[in-house]
Each structure stands twice: as C-alpha cells, then as structure tokens.
Undergrad: 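Dumping the structure here so I can ask a few things about it.
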Amino acid sequence: MTASNTVRTRFAPSPTGALHIGSARTALFGWLLARHAGGQFVLRIEDTDQKRYVAESEQEFIDMFAWLGIDFDESPQIGGDYGPYRQSERLDHYQKWAQWLIDHDKAYRAYDTPEELAAINEQRRADGLPPGYDRRHRELTAEQEQAFIDEGRVPVVRFKVPLTGKVVVNDLVQGHIEFDNSTLQDIVLLKSDGFPTYHLAHVIDDHLMQISHVTRSNEWVPSLPVHVHLWHAFGWELPQYAHLPVLLNPNGKGKLSKRHAGFSESGKQVLVLVKEFREAGYLPEAVINFLTNIGWNFGDEREVFDIEEAIERFDIGRVNPANSAYPIEKLDWLNGVYIREKMSAETLAGHLRKPLEQAGLNVDEATLQVVAPLVQTRIKTLNDVVDLAGFFFKPDFTPASADDLIQRKMDTAGMIAMLQHAEQRLKTLDDWQTDALHSAMLTVVEELGLKNGQVFGGLRVAVTGQKVSTPTFESMEIIGRDESLRRIQQAINILQAG
RNA sequence: GGCCCCAUCGUCUAGCGGUCUAGGACGUCGCCCUUUCAAGGCGAAAACACGGGUUCGAGUCCCGUUGGGGUCACCA
C-alpha cells in the first residue's frame, strides 16, 4: 500500500452509455468498502476508446449516483489531489510510462497491421491453435523497426509478458487464483492512436491515484495475471484486488446486459438501466438495499436495512464469489416495504406528485395528502398510484360500464334498486365522512338483505369508476357529497340504458 | 475449444467438520381478516448436482465428473 493506510477505491467506468444496474452494484460495493473503512471513493472516467465515446454518459453517471446516494470524494467535477480524473487528460502519463517499459525491455513496439493480425489468427485457428498474437515483433532489431517505420507503419506498444512460470493472486473475493504464464498474451498497452488500453491505464492510474483496493467485476479475472506482471514490471506495490460477482439474467443464463433485457419468465419487465428504475417509480433507498443483498448479506437474518447499517457491517471478504441470477422480483417487495414502513404518508405524498403529473393529471395538494395514506399499503412502485388512485385527480370522470357495476349474484334491476336505495340514504346524510357513510350503508345492506360487498362494491365502482380502488367510503369522503351523488346517479342511468 | 472461476429450496441467501431432522427472505399455494385491491396474521410445499476419497463424523476439506458463468480486440 501507499504511505498512508487510507482505503481508497474507485469506480472507473467507460463513458459509453447509460449506467447499467450491474455497474451500479459494482460501484456500490467499492463505495461500501471505502465508506466502511472511512476512506475515499473516486470517480475516474476511462474515456480511452474514442470510437465508443458518448459525451452525455459522464453526466448520466453523476446524476444516477447522486440519485442512488453514492457519493464521490474525488471526480472530474469535484477535483482532488490526484487529477485529472479523465484518462483522456492523462495521456502524457501513459506515453511516458509506456516508453519507460520499452526502455527497460519490458515492452516493445509491434508494427503489425490489423489485417496481418487477422491473418495470424486465421492461420492459428486453421492449425488448431488458440487465437492470439504470435509475438513476431517481440525481438525486432533496430534495422527491422526502421524498415517498418519507413513503410509508414504506426506501431502499438505490447507488453513482454513472462513466458514461463506462474502467477498466484489472492483475491479478496475470489480467493486463491493461479495462472500459467505460458497461457498469457503480449497484450497491447498503447494503441496506435497514442491512447492507452485499459490494461496500461488502470495500472498507472491506480498507482498514481494511490488506490488501495481495486474493485471490479470478475469479467476482469482473465486479464488479472497480466496486470500483476505489469505492476511488477513497474516495480510498484500492488493494490488489493477484489473481483466482484456479476449479475446474470433472471433465468441464470448469461450475464445481464441491456441487450438481454426484456421480460422475465413471469412476464415482468426486466429493468437494467438505473434511470429506468427511477422512471419506473422505485425508491433509491430500496434499489440500494436490493443491490446490497445480492452477493452479500447483512450478517443476521435481516433483509431490510439502512445504508448506514450496511456501511457499518460491510465486509468485502464476505462477498459471495459466485455470480447471481438477477432477483428482480424481490425489488417490488422491498420497494413496497420502503413505501409503507419507511416513510410517513406526508413524505409519500411528496413522492407521488411526480408520477401523477407525468400521467397528465392535475394534482391538488390537499387531495394528495388525504389520498396518500389510502394508497400507502397498496402500491409497490410510486407509479402504481396512477392506476389505483389517478381518478381522484382526473378533471373528467370516466364512469364504469354496466358490466363492471353489476356485483356478484346481482342483476341489472337489483343493482339499480340498490343504488337508488343507497342514493336516498346518502341524500339525507348530513355527515359525509367515512364512518357515517359506512354505518349508513350498513343499514342499506340490512334493509336490502344483501352482502356488504355487494353494496360497498357497487358504490365503489359507481363512484370511483374502478373495480379496484382505494376503499369506498374514504374515497367518497374525498370526492365529496355532490360529486359522489352525481356519479351514483350517472351509474343508475348507465344501468337503465343498458 | 484453451484458460479462469463458481455450484445449498424456482430465485437471493445463512451455513466457515459434530449444535443441520439444513435456517431466513422473495415468489408460489392454503387458511384467517376483509367493501375491491393491498397490507397484516398463521401455515404448507420447496435445496445441500453426482461419484470417489480424507475423517470417529462432511452441506462444510480434497479429487474427479457434470452443469453454469466469464474471458480469449489497437473495447472497457
């Protein structure tokens, strides 16, 4: 480690698009590790691939992490003592150290063209050999190099990996891993455009930025031995490596990617971008709690916990090395828990305004406040409020059909009679509140010899226009006397017309 | 295919040689409550991939098989 014992971890995304939920989890674990140790968490933008660069990507990362509550101590925006934090602004470092490796006979220039490389692979395939570079430029003479240069070829810099022996790594998550050097490749360190590859850049930056723990997804394990050799070539002290498991598709087949999004076997849409979770009405606290529970657990049998508690208990060594199928169905449950148990109705009301307005509804604050407690135990996502209780905010009431109005074991005539009877009762009622409405309708049930559900249900559909809604009397109280009576009359008219 | 990793209920997981007749959670199913839908309460079904070892004793350690995943770019 470096002079200090400070734990420093980083999230180092390539700005090629929107933030993926799997990347967010990898970042989360690195963040948890840093926060647990009271260390620092750094954002470094790995924009070394000019072809895949997406300009909006960086801002998207910033926004999504802010939403999730994952904060950085250093980043391109915040700055810090180890900047710049964009690799495209650190090119001089990579070029300098690549040259250093060449000077110390640990790397070499290779002048092969892409076509030649393709031909090599084709030949090797034909010969039954595994693909890879055959190291033909590993020991070029000065004259040979000059000849290539004269041809106008632009070289890449390749690493001279050790050809024999083995590398052993003790990964914090994966444990003991070993590789035979004979299986390694002379990977490209510096591309012909002067930009570094990930391999070179991350080692230099993690060293220069004094990163103590490299947390990344286990897709990197195959290149780990080469990275270890690079650290040794530079003579730098290695950070600890922690290769985190990846998220697999809900059916366990293949890693979760945007490409494989779509629907799970249960028909539920599989969300993979962080912004999709936000748009779908999930709470960031629930998403974090959900993610934290995959590959790691609280330590006792609790599934619901605050992020502060997770930070306190987090232990990178207890992370499960096995990849996990993405248990997306658990998020709905957890989000429901957060909605009903982790916030007041008032707070919930605040969260409900946006989805309601996005559905084109006009949200009156007073109404929202009384509706919130009614939906609190009934919604899984914030957006669910639109279907369940959107009618409270619709300027124009959409009445239900005769079919929906008619309750079980009742016919049109019976329904009309019931509604008319109820209407009479309600008209004489001077206390238009839930309890009074309830007891008044209870007498209607008795007088007509019906079931509670037949009367209450019929009124529900008449007044809310929905078969599934918030409770009948609470809803009637909110809708108000005049409008409720108007809707009941309207229902009667519909039944009579049908 | 080569290399690397992984392997407990459908899924996420607890389990770090005996306390496991394998625990929790989601989901599923049943019952209760009930004006719909939820929520809540109670309960049920549901797993140590297989085969060898090691050991007095193995879900826990070792080997193999099978299965799964990852990776083999001048992408990260």
Side-chain angles (χ1 to χ4, degrees), chain A residues 12-16 46-49 51-52 110 112-114 117 121 125 128-133 154-158 171 174-175 177-180 182-185 187-193 195-199 201-202 216-225 243 245-246 248 250-255 265-266 290 293-297 299-304 318 320-334 336 340-341 375-380 384 388 407 438 441-442 445 451-461 464 466-473:
Chain A
S14 181
T16 55
E46 309 223 324
D47 54 346
T48 56
D49 186 347
K51 293 185 270 307
R52 298 197 309 156
D112 314 271
T113 64
L117 256 17
N121 273 328
R125 221 182 341 268
L129 292 166
Y133 181 55
V154 183
V156 296
V157 175
R158 284 184 183 271
D171 187 272
Q174 305 289 332
I177 318 177
E178 55 176 81
F179 306 84
D180 247 318
S182 63
T183 64
L184 272 25
Q185 289 285 315
I187 53 159
V188 170
L189 259 21
L190 207 58
K191 299 181 256 186
S192 55
D193 63 4
F195 278 64
T197 59
Y198 170 83
H199 310 294
H202 104 270
R216 49 156 53 156
S217 81
N218 65 20
E219 298 159 303
W220 290 107
V221 169
S223 53
L224 177 59
H243 286 89
V246 300
L248 269 22
N251 63 8
K253 302 283 181 196
K255 67 175 176 179
E265 278 155 24
S266 61
F290 165 69
N293 265 327
I294 309 172
W296 186 76
N297 67 84
D300 54 28
E301 300 196 320
R302 282 178 62 194
E303 304 262 340
V304 183
R318 280 188 51 242
N320 186 164
N323 294 338
S324 320
Y326 185 46
I328 185 65
E329 73 289 347
K330 251 183 157 173
L331 178 59
D332 277 345
W333 164 73
L334 203 48
R340 80 182 89 94
E341 293 173 19
V375 301
Q376 194 158 22
T377 61
R378 289 170 237 267
I379 56 176
K380 293 276 200 271
D384 288 345
L388 184 69
Q407 299 297 296
H438 192 179
M441 290 307 97
L442 234 25
V445 168
K451 299 282 189 191
N452 286 0
Q454 294 174 308
V455 174
F456 300 176
L459 284 169
R460 165 202 318 290
V461 181
T464 69
Q466 302 181 174
K467 294 173 81 169
V468 173
S469 76
T470 44
T472 303
F473 304 118

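Keep in mind it's a predicted model, so treat the numbers as computed, not measured. Lettering of chains follows the sequences in order, A, B, ..., and the numbering in each one begins at 1.
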Undergrad: Taking atom C1' in both C42(B) and G67(B), compute the distance separating them and give it to the nearest angstrom.
TA: 39 Å
Undergrad: What's L334(A) touching, base or sugar-phosphate or nothing? Going by heavy atoms closer than 4.0 Å.
TA: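 Result for L334(A) = nothing.
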Undergrad: Which distance, rounded to the nearest 0.5 Å, do you find between the CG of L331(A) and the CG of N293(A)?
TA: 11.0 Å
Undergrad: Starting at atom CZ of F179(A), determine the distance to atom P of C3(B), rounded to an integer number of angstrom.
TA: 13 Å
Undergrad: May I ask you to say what V156(A) touches in the nucleic acid, namely base, sugar-phosphate or nothing, with a heavy-atom cut-off under 4.0 Å?
TA: base
Undergrad: Does C31(B) have a Watson-Crick or wobble partner in any strand here, with both distances under 3.5 angstrom, and which is it?
TA: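 When the pairing criteria are applied, G41(B) turns out to be the nucleotide that pairs with C31(B).
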Undergrad: Does S182(A) offer a backbone N or O that forms a donor-acceptor pair with the side chain of D180(A) under 3.5 Å?
TA: no
Undergrad: Taking only residues two or more places apart in sequence or in another chain, which ones pass side chain to side chain contact (heavy atoms under 4.5 Å, CB included) with E219(A)?
TA: S217(A), V246(A), K255(A)
Undergrad: Report the distance from atom CD of E46(A) to atom OG1 of T16(A), rounding to the nearest 0.5 Å.
TA: 11.5 Å
Undergrad: Can you tell me how far apart OG1 (T470(A)) and CD (Q376(A)) are? Round to the nearest 0.5 Å.
TA: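 CD of Q376(A) is found 14.0 Å from OG1 of T470(A).
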Undergrad: Write down the distance between CG (N251(A)) and C1' (G69(B)), rounded to a whole number of angstrom.
TA: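 Roughly 12 Å, once rounded to whole Å.
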Undergrad: Reckon T464(A) touches a base, only the sugar-phosphate, or nothing at all at heavy-atom distances under 4.0 Å?
TA: nothing
Undergrad: Using a cut-off of 4.0 Å between protein heavy atoms and nucleotide atoms, how would you tag nucleotides 5-15 of chain B 5' to 3' with B, S and -?
TA: SS----SBSS-
Undergrad: With a 3.5 Å limit on both atom pairs, tell me what G10(B) is paired to, counting Watson-Crick and G-U wobble, or say none.
TA: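 Per the H-bond distance test, C26(B).
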Undergrad: Taking A47(B) as the reference, what is the distance to C5(B) when you measure between their C1' atoms (whole Å, please)?
TA: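 That atom pair is separated by 23 Å.
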Undergrad: For T197(A) and for V468(A), locate the closest nucleotide of RNA chain B by heavy-atom distance; then report the residue assigned to the nucleotide nearer the 5' terminus.
TA: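 Looking at the nearest nucleotide for each, V468(A) comes out on the 5' side.
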Undergrad: Nearest 0.5 Å, please: how far is CD1 in I294(A) from CG in N323(A)?
TA: 11.5 Å
Undergrad: To the nearest angstrom, how far is D49(A) atom CG from A73(B) atom C1'?
TA: 10 Å
Undergrad: Looking at G70(B), C75(B), U36(B), which one has an atom nearest to any side-chain atom of R460(A)?
TA: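 Among G70(B), C75(B), U36(B), the one nearest the side chain of R460(A) is U36(B).
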Undergrad: I'd like to know if S14(A) reaches the base of A76(B) with its side chain, counting only an N/O donor and acceptor under 3.5 Å.
TA: no
Undergrad: Which nucleotide, if any, forms a Watson-Crick or G-U wobble pair with C50(B), using both distances under 3.5 Å?
TA: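 The answer is G64(B), by the H-bond criterion.
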Undergrad: What nucleotide among G68(B), U71(B), C74(B) has an atom nearest to a side-chain atom of V188(A)?
TA: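 In terms of side-chain proximity for V188(A), the closest of G68(B), U71(B), C74(B) is C74(B).
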Undergrad: When you check the phosphate oxygens OP1 and OP2 of U36(B), does a side-chain N or O of K451(A) lie under 4.0 Å from one of them?
TA: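 Result: no.
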Undergrad: With a non-hydrogen cut-off below 4.0 angstrom, is P155(A) in contact with a base, only sugar-phosphate, or nothing?
TA: nothing
Undergrad: Do side-chain atoms of Q454(A) reach the backbone of Q407(A) as a donor and acceptor pair under 3.5 angstrom?
TA: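 No: the side chain of Q454(A) does not pair with the backbone of Q407(A).
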Undergrad: Expressed in angstrom and rounded to an integer, what is the separation of E219(A) atom CD from C3(B) atom P?
TA: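 That distance rounds to 21 Å.
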Undergrad: Under a 4.5 Å cut-off applied to non-hydrogen side-chain atoms, are W333(A) and V304(A) in contact?
TA: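 When only atoms from C-beta onward are counted, V304(A) and W333(A) do touch, with a gap below 4.5 Å.
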Undergrad: Quick one: label D112(A) by what it contacts on the DNA or RNA (base, sugar-phosphate, nothing), any heavy atom closer than 4.0 Å.
TA: base
Undergrad: Angle class for the W220(A)/Y198(A) ring planes (parallel below 30°, perpendicular above 60°, tilted otherwise)?
TA: parallel
Undergrad: Would you classify R302(A) as touching base, sugar-phosphate or nothing, given that sugar-phosphate means primed atoms plus P, OP1 and OP2, and contacts are heavy atoms under 4.0 Å?
TA: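 It contacts nothing in the nucleic acid.
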Undergrad: Between I187(A) (CD1) and A73(B) (P), how many Å, whole number?
TA: 12 Å
Undergrad: Take atom C1' in A14(B) and the same atom in C20(B), then report the distance between them in whole Å.
TA: 12 Å
Undergrad: What integer number of Å spans the P atoms of G59(B) and U21(B)?
TA: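 Taking atom P in both G59(B) and U21(B), they lie 10 Å apart.
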Undergrad: For atom C1', what is the distance between A46(B) and G40(B), given to the nearest Å?
TA: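 The same atom, C1', in both gives a distance of 24 Å.
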Undergrad: Could a donor-acceptor pair under 3.5 angstrom be found where the side chain of T183(A) meets the base of C3(B)?
TA: no
Undergrad: To the nearest Å, how far apart are E46(A) CD and A76(B) C1'?
TA: 7 Å
Undergrad: Quick one: does any side-chain atom of R318(A) pair with a main-chain N or O of N297(A) as donor and acceptor, under 3.5 Å?
TA: yes
Undergrad: Whole angstroms only, please: what is the CG-P distance between D171(A) and G70(B)?
TA: 18 Å
Undergrad: Hey, is the main chain of F456(A) close enough, under 3.5 Å, to the side chain of T472(A) for a donor-acceptor pair?
TA: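 Looks like yes, one N/O pair under 3.5 Å.
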Undergrad: Taking the same atom, P, in G53(B) and in C12(B), what whole-Å distance lies between them?
TA: 32 Å
Undergrad: Using purine N1 to pyrimidine N3 plus N6-O4 or O6-N4 for Watson-Crick, or N1-O2 and O6-N3 for G-U wobble, both under 3.5 Å, which nucleotide pairs with C3(B)?
TA: G70(B)
Undergrad: For Y198(A), which contact category applies under a 4.0 Å heavy-atom criterion: base, sugar-phosphate, or nothing?
TA: base
Undergrad: For D47(A) and S14(A), indicate whether the former's side chain and the latter's backbone hold a donor-acceptor pair under 3.5 Å.
TA: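 Side chain of D47(A) to backbone of S14(A), a donor-acceptor pair under 3.5 Å: no, none is there.
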Undergrad: Has K380(A) got a side-chain N or O lying under 4.0 Å from the OP1 or OP2 atom of A39(B)?
TA: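 It does, given that an N or O in the side chain of K380(A) lies less than 4.0 Å from OP1 or OP2 of A39(B).
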Undergrad: Using atom P of each nucleotide, how far apart are C74(B) and U65(B) to the nearest Å?
TA: 33 Å
Undergrad: Just call it for P245(A): base, sugar-phosphate, or nothing, with non-hydrogen atoms closer than 4.0 Å on any strand.
TA: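 Touches nothing.
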Undergrad: If you measure from the C1' atom in A7(B) to the same atom in G51(B), how many Å do you get, rounded?
TA: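 Between the two C1' atoms, the distance is 15 Å.
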Undergrad: Considering only nitrogen or oxygen atoms on both sides, find all protein atoms under 3.5 Å from nucleotides 40-50 of chain B and state each distance.
TA:
from: G40(B); atom 1: OP1; to: R340(A); atom 2: NH1; distance (Å): 3.4

Undergrad: Could you tell me the separation between the CG atom of L248(A) and the C1' atom of U71(B), rounded to a whole number of Å?
TA: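 In whole Å, U71(B) C1' and L248(A) CG are 14 Å from each other.
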Undergrad: Return yes if some donor-acceptor pair links the side-chain N/O of T464(A) with the main-chain N/O of Q466(A) below 3.5 Å, else return no.
TA: yes
